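FYI, side chains are in, hydrogens and waters are out, and symmetry mates aren't considered; it's all heavy atoms of this structure. Remember, predicted model here, so these are calculated numbers, not experimental data.
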Amino acid sequence: MLAGTKPDDEIATMTVCVCIPPYHTPAEAAAAAAADTADGFLARVQSFRKLYDRAVTRWPPHLTVLAPATLPVDAISPSELHALLQPIVAGVAASAASPAPHASYTLVLDRVGVFTHPGSSTVVLEPRADDPATRLLAAIQPQLEAAVAARLAARSPATPQGAPDADDGHAHGGGRAYRPHLTLGNPVRGGKRVVDPIVAAVERAFFGGGGAAGGAGGGRAEFAMDRLCIMVKGHGKGSFYRRVPELDLMFALGDD
C-alpha cells in the first residue's frame, strides 16, 4: 500500500501477479536477495535482473497473471478488483484435484525462454507445464481476464485499455495464449549474439547448463505459491510496484 493511503488512493496502474515470495516492494526483494546465500534462488534471480532487467528497481520478482494494460484504474479500483477476483481464485483452487486446496503449491521453473520483439528480446524463466501449480495458473488466468473484461464492458462499453507501463516487461503478450514467466532480462538488445550468451549463463546458473531443473548449476529453481497478489504503482517517474497485502487473492480462503 502506498504510504499513508488506503489501497484505492493515488494509484496510477495495477497488476495481478505471483510474487516470489510475496515481498511488498523492490527494495524488500533486494534486501532479501543480499541476505540469501550466493547460490540461493532469489540471489540468482536478482543477480541477472540487476544486469539485464531495466525494471529491477520498479518491480519485485514476479510472474504476471493480469498485466497493467488490462486493468484501467479509472474504471476499476484495487479493492473492487479483489472483491471480483477472490471468489474465482478460491473456486478454481478448490476444484483442482491436486494438491489439496488448503496446501501451498510448488511452482517449478525448469526452462529458459525468450520473447522476441522488434529491436529487442525478453529473457525469462518458465514453469514446468505439467505441474499442478502451472495448471492452476493456466486455469485461473483466463477466468480472471474474462471477469475483468465483462465488468468493464458492463460499466462502459467504450472503456479504453490503459497503455502498458514502459518498463513492465509484459507488453510482449501480443494477444497470444497466456504464458507464465519470470522476467530476468528486458529489454535485451543486440539480437542472438547478445541474447544467446545470456541464455547460456542463465542455464548454467539455474540448471547446470542442461536446461532442466535440479541441475548442477545451483539447485532447484522453485518456490512455494499459495496466493496471487494485487500490486499497485503510484504516479511519478520514480514510483514502483508495491504489493497490497490486505488484497491478496488466496487460493484457500481463511489462510493468512
Backbone of [Y] reached by a side-chain donor or acceptor of [X] within 3.5 Å:
X: Gln141; Y: Leu66; result: no
X: Arg155; Y: Ala75; result: yes
X: His82; Y: Leu249; result: no
X: Thr15; Y: Met231; result: no

Establish whether [X] and [Y] are linked, either directly or via other cluster members, by ILVMFWY side-chain heavy-atom contacts under 4.5 Å.
X: Leu144; Y: Leu152; answer: yes
X: Leu247; Y: Leu63; answer: yes
X: Phe206; Y: Tyr52; answer: yes
X: Leu107; Y: Leu42; answer: no

Closest heavy-atom pair and its distance - [X], [Y]:
X: Arg111; Y: Phe207; answer: N-CZ, 3.7 Å
X: Ile88; Y: Leu84; answer: CD1-O, 3.8 Å
X: Ser120; Y: Arg189; answer: CB-NH1, 3.6 Å
X: Gln46; Y: Val56; answer: NE2-CG2, 4.2 Å
X: Met250; Y: Asp226; answer: CE-O, 3.9 Å
X: Ile20; Y: Phe41; answer: CG2-CE2, 3.6 Å

**Message:** Phe251 vs Leu228, test: side chain to side chain contact (heavy atoms under 4.5 Å, CB included). Steps then yes/no.
**Reply:** CA-CA 8 Å; Phe251 294 151; Leu228 303 181; 4.0 Å; yes
Is the shortest side-chain heavy-atom distance between [X] and [Y] below 4.5 Å?
X: Val114; Y: Val188; value: no
X: Ile76; Y: Met14; value: yes
X: Tyr178; Y: Glu145; value: no
X: Val148; Y: Leu85; value: yes
X: Val123; Y: Val112; value: yes
X: Glu222; Y: Arg128; value: no

Just verifying a value: how many Å separate [X] [atom1] and [Y] [atom2], rounded to the nearest 0.5 Å?
X: Asn186; Y: His117; atom1: CG; atom2: NE2; result: 5.5 Å
X: Glu246; Y: Ile230; atom1: CD; atom2: CD1; result: 10.0 Å
X: Phe115; Y: Glu126; atom1: CZ; atom2: CD; result: 5.5 Å
X: Glu28; Y: Arg242; atom1: CD; atom2: CZ; result: 9.5 Å
X: Ser47; Y: Leu184; atom1: OG; atom2: CG; result: 8.5 Å

**Prompt:** Does a donor on one side chain sit under 3.5 Å from an acceptor on the other, for Thr13 and Tyr241?
**Reply:** yes
**Prompt:** When you check the side-chain N and O atoms of Arg243 and His24, is any donor under 3.5 Å from an acceptor?
**Reply:** yes
**Message:** Checking side-chain contact (heavy atoms from CB on, under 4.5 Å) between Phe223 and each of Thr106, Leu109, Val45, which is the one that passes?
**Reply:** Leu109
